[in-house]
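Chain letters run A, B, ... following the sequence lines, proteins first and then strands; every chain starts at 1.
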Amino acid sequence: SQTIHQWPATLVQPVGSPLSLECTVEGTSNPNLYWYRQAAGRGLQLLFYSVGIGQISSEVPQNLSASRPQDRQFILSSKKLLLSDSGFYLCAWRGGGAAKNIQYFGAGTRLSVL
Amino acid sequence: GDSVTQMEGPVTLSEEAFLTINCTYTATGYPSLFWYVQYPGEGLQLLLKATKADDKGSNKGFEATYRKETTSFHLEKGSVQVSDSAVYFCALNSGGGTSYGKLTFGQGTILTVHP
């Protein structure tokens, strides 16, 4: 069966420091991958998606970037964090076939920028 | 563009009460509709889905019917439990010819169930 892993679960970083969040998927190949952010008290906002290795699309201009160095690995990065980058970051992958419209989410990373 | 509007929360109920969380949407074409649930400190889990008009999604006692005429997908449960306390998100995937399957989410509704 397929599983999705995110780490770390919690992160506290100072303003101006770099960021790297990692997401990996097991049990499937060539998945579509997504990064979402959930700000406090708000819904989910799609940040990036990827349909294949090295293919990244950005939904919202911001201080963050994403990379997909391997088929089942998706990384969210920043060179210098801002206070406004605080939030709950969720990685997701999309199923294929009959489940192609369903996205499956990781447990998330709670990021606090101080 | 696509959008999803959920009833504002938080919603507080007693155990065994009836639950309704309203969700309406705006989308091009014929979207698929979803309810996701987020338990405290966790990621999102798919609760139920419907892919075409008049479909009823159901899971764990929750139900939602895809109403194209009213562009709605209200979530209901006849008798809630304390363990149902969570944040509930309505979402849609309009497809629209794209291949990446973008989900558009509502803002989420916090449900608290008291014993």
Rounding to 0.5 Å, atoms CZ (B:F89) and CD (A:Q38) come to a distance of 4.0 Å
Would you call B:L103 and A:Y36 a side-chain contact if the rule is heavy atoms closer than 4.5 Å? yes
Whatever's closer than 4.5 Å to a heavy atom in chain A on B:Q45 counts as neither
Is it true that, when you exclude B:Y39 itself, more than 12 heavy atoms of the residues, nucleotides or ligands shown sit nearer than 6.0 Å to its OH? yes
Counting heavy-atom pairs under 4.5 Å with chain B, the top scorer among A:G108, A:S50, A:A107 is A:A107
Can you establish whether the number of heavy atoms outside A:Q2 located under 6.0 Å from its atom CD is more than 12? yes
So does B:E15 have more than 12 non-hydrogen atoms from other groups sitting under 6.0 Å from CD? yes
Cluster link B:L111 to B:F105, ILVMFWY, side chain under 4.5 Å: no
Need one label for A:Q45: side chain, backbone, both or neither, based on atoms under 4.5 Å from any heavy atom in chain B. neither
Applying the 4.5 Å side-chain criterion to the ILVMFWY set and letting contacts propagate, would B:L46 and B:Y66 be lumped into a single cluster? no
Sort out for me which of B:G106, B:G41, B:G43 touches chain A most, counting heavy-atom pairs under 4.5 Å. B:G43
Closest non-hydrogen atoms of A:F88 and B:Q38, given as atom of the first, atom of the second and distance, are CE2-NE2, 3.1 Å
Heavy-atom cut-off 4.5 Å, strictly under: side chain, backbone, both or neither for A:L90 against chain B? side chain
Give a yes or no on whether B:Y36 and B:V11 share a hydrophobic cluster (residues Ile, Leu, Val, Met, Phe, Trp, Tyr; joining criterion: side-chain heavy atoms under 4.5 Å apart). no
Ignoring hydrogens, what is the shortest heavy-atom contact between A:I102 and B:F34? Give both atom names and the distance. CG1-CE2, 4.0 Å
Establish whether B:L33 and A:L46 are linked, either directly or via other cluster members, by ILVMFWY side-chain heavy-atom contacts under 4.5 Å. no
